[in-house]
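These notes are about the structure you will find just below.
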Amino acid sequence: MEPVQSEMSVLVNGKSHDVGDDMNVPMKTMMEDDLYDDPEGTLAENVEFLPSSESKKPRFTDFEGKTSFGMSVFNLGNAIMGSGILGLAYAMSNTGIILFLFLLTAVAVLSLYSIHLLLKASGVVGIRAYEQLGFRAFGTPGKLAAGIAITLQNIGAMSSYLFIVKSEFPLVIQAFLKADVNSGEWYLNGNYLVVLVSLTVVLPLAIMKQLGYLGYTSGFSLSCMVFFLISVIYKKFNIICPFEEFTFNNTAVHLIPTEMSLTDIHHDGHVVDDGQCSPRMFTVNSQTAYTIPILAFAFVCHPEVLPIYTELRNPSKKKMQHVSNISIFIMYVMYFLAALFGYLTFYSNVEAELLHTYSKIEPYDTLILCVRLAVLTAVTLTVPIVLFPVRNAIQQMIFPNKTFNWIRHIVIAVTLLSLINMLVIFAPNILGIFGIIGATSAPCLIFIFPAVFYIRIVPKEDEPMSSRSKILVSRWTEISLKSLRF
Ligand SMILES: NC(=O)CC[C@H](N)C(=O)O
């Protein structure tokens, strides 16, 4: 119990609280007596965590949320949907449709299950913060591991979003203004544009005190992604394969699959249509290994789940699980459609970043320009949501017992954004970011931490180690650790 007492003053969404303060009960009694879960689901949803003097109904005391169910779905959907969607068609081209669908389903189901574990563990601890679950399970090392993984993962994600702004925004402006690429105007320089967008759009949203306020921008961001998806589907019927690469001197060049060996090119120079314009159901190549990290990255939203839960109105585990089920299911469908139609447009020619592939064929097509604008708007509006848990993690790691302070809140946001801007200005390419971050922090946050925290936190009396779910979880942890080592 010792570490629990010293760390009970938590900062969730800027609000510092001693859990014991609210209820005037000794901390120890509270931690022992009150398991905040309602495993049977017998309590009415709206009374489960509300203060009630007569009943000893369990409740969270860290924050009283005001965000509606729908807005929470938007926020979680926005947290899931980011640049990950742009890499999925490439992943499909390296696995084939069937294998991709299988892996996508597996990652989506595991991702949902680990959200369930996080919610259950946070129900037992009574605190809705990922790092605090780490602390409860392993003390300070657990808290640091969770905090560092969240920080790395989300900084990686935000860098990839602003990298899209850097690479796409100048092209969109140039095309709409019909400006000359070499005119040297400042508004055609990606680096200036990233700084400008960060200052004018991201920063004001990032310094909001609560995530709930971002529901509207999240809704807008998701509609931009729906527009992206509809356009990808439409383009499949609009771009005819085999296609010609756009060149400035108007001489068409056939796109040759990057993986094609020299033997596929006949002596007379013509290219054999070896899967170039026909879909593969199942395939394995040197790039297939990237699939799991790409999918894991695309489904990460675990650092945002607990902050969103914190702000949910009349919260209950069941309600939050419902929010997560809806968001993950919608994203699952959108991811599959985007990957499928992206792949069926370009087949083996699809690049690691889907938008680049369109640009190669039709760089000045108005629809593609609008799609680029939509995607860069969507990811820009995701940055503040993803920044939120990083700020919480930093506050919990560096200032664990401090109350909310506007100056600290703003300074952390400004520092983080400056760091990300620097990274983006020097980052080599988007796949590098996916690869490094996706291969390390994303699997930890999705597969490993929720499982090990759950095993350590849920009391043995409640669920013995021999219970079905604990056996399942420990098997799963073993497999995840092995595959990570591999
Ligand atoms: N918190 C996060 O890292 C979100 C990443 C998000 N799933 C994406 O695809 O971009």
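Here the structure is a predicted model, which is why all the values come from computation and not from measurement. The basis for the numbers below is simple: all heavy atoms, side chains too, and nothing from hydrogens, waters or symmetry mates.
Note that CZ of Phe346 and NZ of Lys235 are 8.5 Å apart. Values are rounded to the nearest 0.5 Å.
Applying the side chain to side chain contact (heavy atoms under 4.5 Å, CB included) test to Ile330 and every residue at least two apart in sequence or in another chain returns Ile326, Met334. In this structure Thr415 satisfies the side chain to side chain contact (heavy atoms under 4.5 Å, CB included) test together with Val411, sequence neighbours excluded. Scored by the side chain to side chain contact (heavy atoms under 4.5 Å, CB included) test, Ile410 finds Ile207, Trp406, Val414 as partners (sequence neighbours excluded). Glu304 is linked by a salt bridge (Lys or Arg N to Asp or Glu O under 4.0 Å) to nothing, counting only residues two or more places apart in sequence or in another chain. With sequence neighbours excluded, no residue forms a ring pair (Phe, Tyr, Trp, His ring centres under 6.0 Å) with Phe102. For Ser198, the side chain to side chain contact (heavy atoms under 4.5 Å, CB included) test picks out Leu162, Val194, Asn421, with sequence neighbours left out.
Glu168 has a carboxylate O that lies under 4.0 Å from a charged side-chain N of Arg372, or vice versa, which qualifies the two as a salt bridge.
In this structure, Arg280 is not positioned above the aromatic face of Phe282 in the sense of NZ or CZ being under 6.0 Å from the six-membered ring centre and within 45° of the axis.
Checked by atom type, the side-chain pair Tyr90/Gln287 shows a donor-acceptor distance below 3.5 Å. Side-chain atoms of Asn392 and Gln396 include no donor-acceptor pair closer than 3.5 Å.
Side chain of Lys166 to backbone of Asn189: no donor-acceptor contact under 3.5 angstrom is found.
Here the closest non-hydrogen pair linking Tyr130 and Cys444 is OH-O, 4.3 Å.
With Ser221 as reference, Thr382 is the one residue of Leu214, Thr380, Thr382, Asn75 to meet the side-chain contact (heavy atoms from CB on, under 4.5 Å) rule.
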